[in-house]
Amino acid sequence: EEEEEEKDDVHLALELMETAWSILDKYVNDNDTSSNGISYRDWATGQLPRVLLGLGDVLGALTRQADAADAYSRAIPFREAALEGLEKEKDLNVEHLKKRRQLVEANVLVAEAILACPENEDVVTSETKDLLVKASERVDYARGYYDKARDDLQDTVFLMGRIAASGKDLGNEKEDVCFLATLLMGVGTTLAEFDEKGAEEESNPPTKKHKSL
């Protein structure tokens with residue numbers, strides 16, 4: 001009974017987050033050009049990737065890994081746009097570091113969700129039936145996100161060092177970056193396991209059974 005109640009709570013959380021997404025998306029696409037409309041639209045745009053990552057987490061908890069990967073991947077363009085706006089500023093600040101970390105996080109989460117999908121099955125969203133990646137390309141597809149996250153994390157750590165050297169307080173970002181590095185390491189370990197399994201299968205191909213005469 002307790003397990004059933006917990007499952008109901010997760011489904012309720014999913015419904016609420018989907019409602020939040022719909023409301024925010026409506027305001028982002030609103031044509032209100034007043035100062036209040038523009039201000040709220042900018043705020044709503046900043047909230048969309050946060051909601052998408054939350055949706056991904058809930059979908060993952062429901063073992064809907066393909067849907068989770070889809071939600072995480074949809075957050076990436078928003079994270080990239082937010083970072084691009086700060087990249088033009090020459091001043092080093094913690095907000096810049098945070099935006100970099102959040103972009104790395106989104107890429108790591110996509111890779112993690114893709115690798116958690118069933119083996120030997122195409123990765124397809126449950127409702128729209130969109131094909132995210134074919135089964136034969138699943139590991140390499142996840143590796144692409146992992147490699148991007150790994151390279152960007154190196155830049156993030158370098159930026160963190162520069163900001164710390166300037167004497168500015170990093171706040172919680174140091175702990176958040178360290179946690180992200182641990183998450184990335186876990187994905188790397190999973191990829192290594194898939195590589196090892198693939199190498200074993202190549203060196204020990206299944207033998208064909210001969211029909212007895």
Side-chain angles (χ1 to χ4, degrees), residues 21 48-84 86-87 96-161 173-206:
W21 162 262
L48 285 178
R50 187 171 67 87
V51 174
L52 284 168
L53 262 63
L55 278 169
D57 291 344
V58 175
L59 290 165
L62 293 171
T63 65
R64 291 170 56 182
Q65 300 298 342
D67 294 326
D70 182 51
Y72 293 141
S73 65
R74 286 163 58 198
I76 291 177
F78 293 104
R79 293 301 196 203
E80 289 175 335
L83 178 59
E84 185 178 350
L86 289 175
E87 292 279 76
H96 189 177
L97 176 63
K98 179 180 178 180
K99 298 302 183 186
R100 273 192 170 278
R101 173 183 57 78
Q102 289 177 330
L103 176 57
V104 175
E105 178 188 36
N107 280 289
V108 173
L109 290 172
V110 174
E112 185 179 51
I114 291 293
L115 292 174
C117 292
E119 292 187 53
N120 305 317
E121 291 183 17
D122 292 341
V123 180
V124 180
T125 57
S126 61
E127 294 183 1
T128 59
K129 304 302 179 184
D130 291 333
L131 174 66
L132 300 184
V133 62
K134 294 181 179 179
S136 60
E137 302 169 355
R138 183 176 67 93
V139 175
D140 286 338
Y141 185 77
R143 195 190 311 279
Y145 282 96
Y146 167 79
D147 289 343
K148 179 71 167 60
R150 182 192 58 195
D151 293 343
D152 286 350
L153 181 60
Q154 291 178 350
D155 293 337
T156 303
V157 172
F158 179 67
L159 176 62
M160 183 171 66
E173 280 305 308
K174 183 177 180 180
E175 289 78 7
D176 290 340
V177 170
C178 289
F179 175 77
L180 185 56
T182 303
L183 189 63
L184 182 68
M185 194 180 304
V187 174
T189 300
T190 303
L191 283 169
E193 291 172 352
F194 276 111
D195 289 342
E196 184 178 348
K197 181 179 178 181
E200 289 179 357
E201 290 176 351
E202 287 183 6
S203 60
N204 299 298

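Atoms considered below: every heavy atom in the structure, side chains included; atoms not considered: hydrogens, waters and symmetry mates. Sequential numbering from 1 along the given sequence is applied to the chain's residues.
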task = Compare all side-chain heavy atoms of Leu115 with those of Phe194 and state whether any distance is below 4.5 angstrom.
result =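 They are in side-chain contact.
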
- Within a strict 4.5 Å, meaning less than it, do heavy atoms of the Asp130 and Val124 side chains meet?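 No, too far: nothing below the 4.5 Å cut-off.
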
Self-check item: Exercise: do Asp67 and Thr125 side chains pair donor with acceptor under 3.5 Å
Solution: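 There is no such pair (donor and acceptor under 3.5 Å, judged by atom type) between the side chains of Asp67 and Thr125.
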
According to the salt bridge (Lys or Arg N to Asp or Glu O under 4.0 Å) rule, which pairs have a member within residues 48-62, sequence neighbours left out?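 Output for this query is empty, none listed.
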
Does anything in residues 116-128 pair up under salt bridge (Lys or Arg N to Asp or Glu O under 4.0 Å), and if so which pairs, sequence neighbours excluded?
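Those involving residues 116-128 are Arg64-Glu127, Glu119-Lys197.
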
Rounded distance (nearest 0.5 Å) linking atom [atom1] of [X] with atom [atom2] of [Y]:
X	Y	atom1	atom2	result
Arg138	Ile114	CZ	CD1	8.0 Å
Glu137	Leu132	CD	CG	12.0 Å
Thr156	His96	OG1	NE2	8.5 Å
Ser126	Leu59	OG	CG	7.5 Å

Side-chain donor-acceptor contacts of residues 174-193 below 3.5 Å, not counting sequence neighbours, with atom names and distances?
{"residue": "Thr182", "atom": "OG1", "partner": "Cys178", "partner atom": "O", "Å": "3.1"}
{"residue": "Thr189", "atom": "OG1", "partner": "Met185", "partner atom": "O", "Å": "3.0"}
{"residue": "Thr190", "atom": "OG1", "partner": "Gly186", "partner atom": "O", "Å": "3.1"}

Expected list for residues 145-152: side-chain donor-acceptor pairs under 3.5 angstrom, two or more places apart:
{"residue": "Tyr145", "atom": "OH", "partner": "Tyr141", "partner atom": "OH", "Å": "3.4"}
{"residue": "Lys148", "atom": "NZ", "partner": "Asp152", "partner atom": "OD2", "Å": "2.4"}

Could you check whether Arg101 pairs with Glu173 (Lys NZ or Arg NE/NH1/NH2 to Asp/Glu carboxylate O, under 4.0 Å)?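 Looking at Glu173 together with Arg101, the answer is yes, because their closest N to O distance falls below 4.0 Å.
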
Q.
If the condition is side chain to side chain contact (heavy atoms under 4.5 Å, CB included), which residues does Glu84 pass it with, not counting sequence neighbours?
A.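 Testing Glu84 for side chain to side chain contact (heavy atoms under 4.5 Å, CB included), a comparison that skips the adjacent residues, returns none.
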
Open item on the list: Can you give me the closest heavy-atom contact between Ala66 and Cys117, atom names plus distance?
Closed with: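 Residues Ala66 and Cys117, closest heavy atoms: N-SG, 3.7 Å.
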
Checklist line | Which atom of Gly60 lies closest to which atom of Gln65, heavy atoms considered | finding: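 Heavy-atom minimum between the residues: O-NE2, 3.3 Å.
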
Assess the residue pair Tyr72 and Leu53 against the criterion (side-chain contact (heavy atoms from CB on, under 4.5 Å)); give the C-alpha distance rounded to whole Å, side-chain angles, the decisive distance to 0.1 Å, and a yes or no. CA-CA 5 Å; Tyr72 293 141; Leu53 262 63; 4.1 Å; yes

Tabulate below the donor-acceptor pairs under 3.5 Å that side-chain atoms of residues 102-111 make, not counting sequence neighbours, or state none.
{"residue": "Gln102", "atom": "OE1", "partner": "Arg79", "partner atom": "NH1", "Å": "3.3"}
{"residue": "Asn107", "atom": "ND2", "partner": "Leu103", "partner atom": "O", "Å": "3.1"}

